[in-house]
Amino acid sequence: MEQGENQSAGSFVVSSSDNNELEDLPVKERCFEQREALPGEPRCVVCGRYGEYICDQTDDDICSVECKTILLARIAAKTKPAVKAAKRVNLPLGDESFCIKDINFPNIPTLADSRISSLRTKLDICVKGDAVPDPIMCFSACGLPEKLVHNLETAGYCMPTPVQMQVIPASMSNRSLLVSADTGSGKTASFLIPIIAHCSQVRSQESTSNQGPLAIVLAPTRELCLQVEEQAKVLGKGLPFKTALVVGGDPLPQQIYRIENGIELIVGTPGRLIDLLMKHNVDLTYVSVFVLDEVDCLLERGFRDQAMQIFQSLSQPQVMMFSATLHSEVEKMSNSLAKNVISISCGNPNRPTKSVKQVVIWVESKKKKQKIFEIMKSKQHFKPPAVVFVSSRVGADLLSEAITVATGLEVVSIHGEKTMKERRENLRRFLTGEVSVVVSTGVLGRGMDLLKVRQVILFDIPNSIDEYIHQVGRASRMGEEGMAVVFVNEEDRRIFKELVQVLKTAGAPIPRELANSRYTAGVYVGSERKRKLSSRPNRGKLSKIISQCMMSGINSFKKHKQDTL
Ligand SMILES: Nc1ncnc2c1ncn2[C@@H]1O[C@H](COP(=O)(O)OP(=O)(O)OP(=O)(O)O)[C@@H](O)[C@H]1O
């Protein structure tokens, strides 16, 4: 692993020398003090961390006194106790401190403030706001329904990611949230888990015959909505929790029919949801949670009015806003949507995730096609499955055909002009491994969890550095290492300054033409870059790729009209 890479995952991983040191230490009191289990090592049966502590009353491996208490409580109840859902409370104004405790295990002490803040530092979590609830260390620690905890385990979620550790308790205390965290860090589950807990609690307690939706998740693309709804169904399985997908391209009557038959969560794109609400009378009285996923995109011109219109039809819901890229304007706008918002930031938002190696190649537009063919024909450089991002719909179709002709690879394209059926089918073929390359416009750039993808190629660099961060992020999930190959030339000068900053921060090589361009004037790319380069163990390989890729190509590849999300 290269220096500085894989920090978010690295915070949980210890080297074997750290390992020996830790094993001599006394029994850990709290589960977060324990390290992650290395492959083949015993795991704590409660939280999945290293199970170093053997509890006398059982043969199970346990990591700490905290998890021992939980385990003993479970044993005492003979079977696993039915976990009661946490009560959703409205905090009285001026309340100084509030902490989510596991109501099933009240004997577990809460941490002192100083230890909470050192825990947050350790997890790379920053919070802003009044009385922010403490982070949780395991899913069973904040009163989630037992079935939901079971579904999480089945999905392979042994323990929460840092963003989930902080967002879940904050959300369950009914507060509105503005959350920024790295791409691929688990933001989706961080809002779905509290939504599912809330919906199933309401439905199991409800005496009225209300079957209207209780929560709405808005996202900017159909594919992202599809993915979020799919994940919601997996996590909510077996609970009184049904979902409706409201996106364009699918028949509206079916969506209406589904909602009329009773659902808890609507996942939709703003345009189609507005359309549905105008044409049909959906009772939104009980919608108490409103999520804006990719909020910076949803509050941009184009989506903003629609998102606000939907928000205004709700009665003071809890608002949760998420993105890997957030700036001050969004923060200001978020305050107009909700009061007393908690801001949570995890890892390194507003930058490409450290897990992705960025290889920027200076290549003239007319040589781009030849360059991508060279990469895809090279066993060394091509790491399928791969996503290729382009700026136009026509470009996506032309390039996918050209790659097939030049390399023999089967390639599909996805963009806004295809029918929903085609988009679904092409995404399915790519995700199931039937085809190894997808050429896409920005529609796959944000939020898409393309699990096996470790390589993205930015054939056309996007218009903004934020979209760049999201597209690069498709090459890594949960801290897995990936690579982004980025084609750049003078035509992309609008983004040069920010791109150079981003590359400098990541210690990535900067092509000579980019470093010397007058459009990067004012951005220092001198010795610091050299120092960073020389400390990278793979620099030989990287510079070889760059020099190879700088060799020329063939025909021009026309830019076509910009695709919109
Ligand atoms: N606690 C967990 N344990 C294991 N895997 C998890 C956990 N939480 C989420 N994941 C997995 O991590 C991957 C990334 O999660 P997710 O798509 O929510 O990231 P994200 O932060 O929304 O990224 P992006 O900003 O790119 O949308 C998914 O495959 C998800 O299933």
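Just follow the structure's listing: the first ligand is 1, and inside any ligand the first atom is 1. Position 1 is the first residue of the sequence; numbering continues from there.
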Quiz item: Looking at CD1 of Ile495 and OH of Tyr468, how far apart are the two atoms once the value is rounded to the nearest 0.5 Å?
Solution: 8.0 Å
Practice problem: Report the nearest protein non-hydrogen atom to atom 12 (O) of ligand 1: residue, atom name, distance rounded to 0.1 Å. | Solution: Met478 CG, 3.0 Å
Quiz prompt | Glu331 vs Lys128, salt bridge (Lys or Arg N to Asp or Glu O under 4.0 Å): CA-CA, chis, key distance, verdict | solution = CA-CA 12 Å; Glu331 211 166 320; Lys128 262 197 299 185; 3.0 Å; yes
Quiz item: Who gets closest to atom 20 (P) of ligand 1 by heavy atom: Ser180, Gly473, Gly184?
Solution: Gly184
Quiz item: Do Phe290 and Ser176 touch side chain to side chain, with heavy atoms closer than 4.5 Å?
Solution: no
Quiz prompt | Spatial distance of atom OG (Ser185) from atom CZ (Arg477) [nearest 0.5 Å] | solution = 8.5 Å
Quiz prompt | Options Met448, Met159, Arg477, ranked by nearest heavy atom to atom 26 (O) of ligand 1, top entry | solution = Arg477
Exercise. Answer with yes or no whether Arg474 contacts ligand 1, where contact means a heavy atom under 4.0 Å from a ligand atom.
Key: yes
Quiz item: What is the nearest protein non-hydrogen atom to atom 25 (O) of ligand 1, stated with its residue, atom name and distance?
Solution: Lys187 NZ, 2.7 Å
Quiz item: Counting distance only, does the side-chain N/O of Asp466 pair as donor-acceptor with the main-chain N or O of Asn350 below 3.5 Å?
Solution: no
Exercise. For Phe139, take its heavy atoms, then give the atoms of ligand 1 lying under 4.0 Å from any of them.
Key: 1 (N)
Quiz item: Where the closest heavy atom to atom 16 (P) of ligand 1 is concerned, which of Thr188, Thr353, Leu235 has it?
Solution: Thr188
Self-check item: Donor on one side chain, acceptor on other, Thr353 and Asp182, under 3.5 Å
Solution: no
Quiz prompt | Name of the residue among Val412, Val438, Leu450 meeting side-chain contact (heavy atoms from CB on, under 4.5 Å) with Leu427 | solution = Leu450
Quiz item: Just which atoms of ligand 1 are under 4.0 Å from any heavy atom in Glu294?
Solution: 27 (O)
Self-check item: Top protein contact for atom 8 (N) of ligand 1, by heavy-atom distance
Solution: Gln164 NE2, 2.8 Å
Self-check item: Any Ala181 heavy atom less than 4.0 Å to ligand 1
Solution: no
Exercise. Considering heavy atoms of the protein only, find what lies nearest to atom 19 (O) of ligand 1 and give residue, atom and distance to 0.1 Å.
Key: Gly186 N, 3.2 Å
Self-check item: For Leu235, the option from Ile195, Thr188, Thr154, Leu152 that meets side-chain contact (heavy atoms from CB on, under 4.5 Å)
Solution: Leu152
Quiz prompt | Proximal ligand 1 atoms for Leu451, defined as those under 4.0 Å from one of its heavy atoms | solution = 29 (O)
Practice problem: Identify the two heavy atoms, one from Pro270 and one from Phe303, that lie closest to each other, and give their separation to 0.1 Å. | Solution: CG-CD2, 3.6 Å
Exercise. Please identify which atoms of ligand 1 are closer than 4.0 Å to at least one heavy atom of Gly447.
Key: 27 (O)
Quiz item: Nearest protein heavy atom to atom 28 (C) of ligand 1, by residue and atom, and its distance?
Solution: Asp449 OD2, 3.0 Å
Quiz item: For atom 31 (O) of ligand 1, which candidate among Tyr157, Phe322, Phe191 provides the closest heavy atom?
Solution: Tyr157
Quiz item: Which of the atoms of ligand 1 are close to Ser185, meaning less than 4.0 Å from one of its heavy atoms?
Solution: 19 (O), 20 (P), 21 (O)
Quiz prompt | Value rounded to 0.5 Å, distance of CD in Glu425 from CD1 in Ile414 | solution = 10.0 Å
Quiz item: Relative to ligand 1, is Arg446 under 4.0 angstrom through side chain, backbone, both or neither, heavy atoms considered?
Solution: neither
Quiz item: Does ligand 1 have an atom that lies less than 4.0 angstrom from a heavy atom of Asp182?
Solution: yes
Practice problem: Flag the pair Asp250 and Arg258 as a salt bridge only when some basic side-chain nitrogen lies within less than 4.0 angstrom of an acidic carboxylate oxygen. | Solution: no
